[in-house]
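See structure below.
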Amino acid sequence: MPYGKSDFKVIRVTPTIDTNAYGAGEVLFTTTEIPNAVIGNGGCSKLLGVWILSQSGAVQKDISLVFMQNNTSIGTVNSAPDISDEDAEAVGILGAIPNIDAGNTDVDLGGVKVLGGGTQLGQSSVAIPMLLQASDDSTSVFFAGLAKEAATYEAADDLDFVFHIEYR
């Protein structure tokens, strides 16, 4: 059944990031909602691609993303991830994109940069397409980011994530 005018949706999400320096492997932003990631409570969709827009145009660093059914923290921002076995089970981890490689995928538009995560990313380690499954009482899926290398961002809203989703 199509959603609106098509079976596809582009959803934009801007997590809050810290402007202090990150170390490699640290939590980049807390677990953040992707609203209406599926049709109907407990639904399932297919993530076809992820694009990251840096509004400051700063040089991007490699990023990892983790996708989950529920809103549970994977750790404190600017610290190493710290999630218990019980919380890992409860959060319903759906999958991860281990490395969006900034050096191979960024497009410089002058004042902004676009960093990509699709199926044709050459040297990037990408786990797309990926199924997204909401919990039984929700149409949302959640994601969190990890800094793969040391980085500093200019503003708390510097990164916009653009999710390309297929509803089925």
Side-chain angles (χ1 to χ4, degrees), residues 8-38 45 47-83 87 91 93-130 132 134 138-166:
F8 302 94
K9 183 79 171 175
V10 175
I11 300 173
R12 298 172 193 279
V13 178
T14 304
T16 301
I17 56 176
D18 193 340
T19 56
N20 294 312
Y22 289 91
E26 292 183 340
V27 176
L28 183 60
F29 54 87
T30 60
T31 304
T32 302
E33 179 182 18
I34 305 171
N36 300 311
V38 303
S45 63
L47 178 64
L48 300 175
V50 179
W51 295 92
I52 305 167
L53 174 66
S54 171
Q55 295 176 17
S56 70
V59 174
Q60 291 304 303
K61 302 294 184 175
D62 296 355
I63 296 173
S64 296
L65 299 177
V66 178
F67 295 86
M68 301 160 271
Q69 284 183 299
N70 301 300
N71 187 3
T72 300
S73 173
I74 64 167
T76 303
V77 171
N78 264 344
S79 298
D82 182 23
I83 186 168
D87 284 345
V91 76
I93 294 174
L94 298 168
I97 299 175
N99 188 39
I100 297 177
D101 186 340
N104 290 314
T105 62
D106 108 351
V107 176
D108 189 346
L109 300 175
V112 299
K113 289 197 179 189
V114 180
L115 181 66
T119 56
Q120 296 87 18
L121 283 184
Q123 297 177 7
S124 292
S125 176
V126 179
I128 296 177
M130 174 190 310
L132 301 177
S138 178
T139 59
S140 294
V141 170
F142 299 86
F143 76 115
L146 300 170
K148 293 288 291 183
E149 54 189 325
T152 303
Y153 294 90
E154 295 182 16
D157 63 351
D158 188 31
L159 299 179
D160 294 331
F161 288 79
V162 182
F163 298 98
H164 294 195
I165 294 176
E166 180 179 9

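The first residue of the sequence shown is numbered 1, and numbering continues consecutively from there.
- Across all non-hydrogen atoms, the minimal contact from Gly25 to Pro81 is O-CD, 3.1 Å.
- Interatomic distance, Ile83 CD1 to Thr72 OG1, rounded to the nearest 0.5 Å: 6.5 Å.
- Atom-to-atom distance recorded for Leu159:CG and Tyr153:OH is 5.5 Å, nearest 0.5 angstrom.
- For the ring-ring contact (aromatic ring centres under 6.0 Å, His included) test, residues two or more places apart in sequence or in another chain that qualify with Phe143 are Phe29, Phe161, Phe163.
- Across Ala144 and Ile74, no two heavy atoms sit closer than the pair CB-CD1, 3.6 Å.
- Side-chain contact between Val162 and Ile52: absent, with no pair of heavy atoms (C-beta onward) separated by less than 4.5 Å.
- Residues Trp51 and Asp160 form no side-chain contact, since every pair of their non-hydrogen atoms from C-beta on lies 4.5 Å or further apart.
- Separating the CG atom in Leu28 from the NZ atom in Lys148 is a distance of 12.5 Å, to the nearest 0.5 Å.
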- Task: Begin from the C-alpha positions of Val13 and Thr32 and carry the test side-chain contact (heavy atoms from CB on, under 4.5 Å) through to its verdict.
- Result: CA-CA 8 Å; Val13 178; Thr32 302; 3.6 Å; yes

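- Counting heavy atoms from C-beta outward, Thr152 and Thr19 have side chains that stay 4.5 Å or more apart.
- Once rounded to the nearest 0.5 Å, the distance linking OG of Ser138 with CD of Glu33 reads 6.5 Å.
- Here CG of Leu53 is found 8.5 Å from CG of Asp158. Values are rounded to the nearest 0.5 Å.
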- Worked check of side-chain contact (heavy atoms from CB on, under 4.5 Å) between Ile97 and Ser64: CA-CA 6 Å; Ile97 299 175; Ser64 296; over 6 Å; no

- Please lay out, stage by stage, how Leu48 and Glu166 fare under the test side-chain contact (heavy atoms from CB on, under 4.5 Å). CA-CA 7 Å; Leu48 300 175; Glu166 180 179 9; 3.9 Å; yes

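- Across all their heavy atoms, Ile11 and Pro35 have their closest contact at CD1-O, 3.3 Å.
- For the 3.5 Å distance criterion, the side chains of Glu26 and Ser79 fail to qualify, holding no donor opposite an acceptor.
- Interatomic distance, CG of Asn70 versus CD1 of Ile93, reported as 10.5 Å (0.5 Å rounding).
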- Task: Could you give me the CA-CA distance, side-chain angles and deciding distance for Val27 and Thr76, then say whether side-chain contact (heavy atoms from CB on, under 4.5 Å) is met?
- Result: CA-CA 6 Å; Val27 176; Thr76 303; over 6 Å; no

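- With Glu149 contributing its side chain and Asp62 its backbone, the two residues share a donor-acceptor pair below 3.5 Å.
- Counted by atom type alone, Thr14 and Asp157 present zero donor-acceptor pairs between their side chains at under 3.5 Å.
- Every residue two or more places apart in sequence or in another chain that forms a side-chain hydrogen bond (donor to acceptor under 3.5 Å, both in side chains) with Asp18 is listed here: Asn20, Asn78.
- Checked against Asn71 for a side chain to side chain contact (heavy atoms under 4.5 Å, CB included), the options Thr31, Thr30, Val141 give a single hit: Thr31.
- Gln69 is listed as a side-chain neighbour of Leu94, based on a closest heavy-atom distance under 4.5 Å.
- Ser45 pairs with exactly one of Ile34, Asn36, Leu132 by the side chain to side chain contact (heavy atoms under 4.5 Å, CB included) rule, that one being Leu132.
- Side-chain contact between Val10 and His164 is present, with at least one heavy-atom pair separated by less than 4.5 Å.
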